[in-house]
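First up is the structure itself, then whatever we jot down about it.
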Amino acid sequence: QVQLVESGGGLVQAGGSLRLSCVASGNIFRLSGMGWYRQGPGKARELVASYTSGSSTNYADSIKDRFTISRDNAKNTVYLQMNSLKPEDTAVYYCNANQGFRTYWGQGTQVTVSS
């Protein structure tokens, strides 16, 4: 089993910044594709940013040039630096990881951007 625990969410004004963290623990052997998804009010869950093969990254068009995904392998942690936040970025942000054919999710962290 793999546990993913997110932190760093909160309330911020438009134009502000937040950094989310996701720590992986448990049986993390060959954990891959770690990334971030979000689900806004009344919306479907969508990809925000993720690592694909190796160190390649994938970003949603709506957050390119504002958000940056990074990781610290020694700490089994993935980060999401979010700058120039907009009210439409308000959502629950979930950490995601794959291990073989299994997919793991964190419990989510709320990000609220006020106008």
Side-chain angles (χ1 to χ4, degrees):
Q1 283 288 347
V2 173
Q3 294 80 43
L4 303 174
V5 179
E6 304 101 333
S7 62
L11 174 64
V12 64
Q13 288 188 330
S17 298
L18 285 173
R19 188 176 82 154
L20 306 182
S21 300
C22 171
V23 180
S25 62
N27 181 18
I28 61 173
F29 181 67
R30 290 189 177 179
L31 204 60
S32 66
M34 289 191 73
W36 294 91
Y37 284 69
R38 69 184 182 186
Q39 187 165 15
K43 298 181 181 179
R45 193 172 296 190
E46 61 178 1
L47 172 69
V48 177
S50 70
Y51 283 97
T52 56
S53 58
S55 298
S56 298
T57 55
N58 184 36
Y59 289 94
D61 288 341
S62 61
I63 57 85
K64 278 182 180 178
D65 301 324
R66 298 190 296 122
F67 292 9
T68 303
I69 190 170
S70 62
R71 62 189 176 190
D72 185 334
N73 290 331
K75 296 181 178 180
N76 299 320
T77 301
V78 172
Y79 304 97
L80 185 68
Q81 178 66 44
M82 305 186 294
N83 298 328
S84 302
L85 282 160
K86 304 176 181 179
E88 52 263 44
D89 295 317
T90 294
V92 178
Y93 284 71
Y94 296 93
C95 182
N96 164 278
N98 299 308
Q99 190 177 57
F101 294 104
R102 299 194 67 173
T103 298
Y104 295 96
W105 295 94
Q107 82 287 352
T109 186
Q110 177 70 46
V111 172
T112 302
V113 184
S114 63
S115 57

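By convention here, the first residue in the shown sequence is residue 1. Computed over heavy atoms, backbone and side chain alike; hydrogens, waters and symmetry mates excluded.
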Contact summary for [X] and [Y], nearest pair of heavy atoms:
X	Y	result
Pro87	Ser115	CG-CB, 3.9 Å
Gln3	Gln1	NE2-CB, 3.6 Å
Cys95	Met34	SG-CE, 4.0 Å

Checking [X] side chain against [Y] main chain: does a donor-acceptor pair fall under 3.5 Å?
X	Y	answer
Thr90	Thr112	no
Glu6	Gly108	yes
Tyr59	Ile69	yes
Gln99	Leu31	no
Arg66	Ser84	yes

Rounded distance (nearest 0.5 Å) linking atom CG of Asn83 with atom OG of Ser17: 3.5 Å
Distance (rounded to the nearest 0.5 Å) between Tyr93 OH and Leu18 CG: 9.0 Å
For Trp36, the option from Leu47, Val48, Asn96 that meets side chain to side chain contact (heavy atoms under 4.5 Å, CB included): Val48
Any donor-acceptor N or O pair under 3.5 Å, side chains Asp72, Thr77: no
Thr52 and Asn58 side chains, donor-acceptor separation under 3.5 Å: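 Absent: no donor and acceptor within the cut-off.
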Joint cluster assignment, Tyr104 & Tyr51, ILVMFWY side-chain distance < 4.5 Å: yes
Thr68 and Thr57: CA distance, side-chain angles, deciding distance, side-chain contact (heavy atoms from CB on, under 4.5 Å) verdict: CA-CA 9 Å; Thr68 303; Thr57 55; over 6 Å; no
Trace of the side-chain contact (heavy atoms from CB on, under 4.5 Å) decision for Leu4 with Val23: CA-CA 6 Å; Leu4 303 174; Val23 180; over 6 Å; no
Within the 6.0 Å centroid threshold, strictly below: Tyr37 and Trp105: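 Yes: the rings meet the under 6.0 Å criterion.
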NZ or CZ of Arg71 within 45° of Tyr79 ring axis and under 6.0 Å: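 Relative to the ring axis of Tyr79, which defines the angle, Arg71 lies outside at least one limit.
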Cation-pi geometry met for Arg38 and Tyr94 (6.0 Å, 45°): no
Electrostatic pair Asp61-Lys64, nearest N-O below 4.0 angstrom: yes
Side-chain heavy atoms of Phe67 within contact of Leu85, under 4.5 Å: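 In contact.
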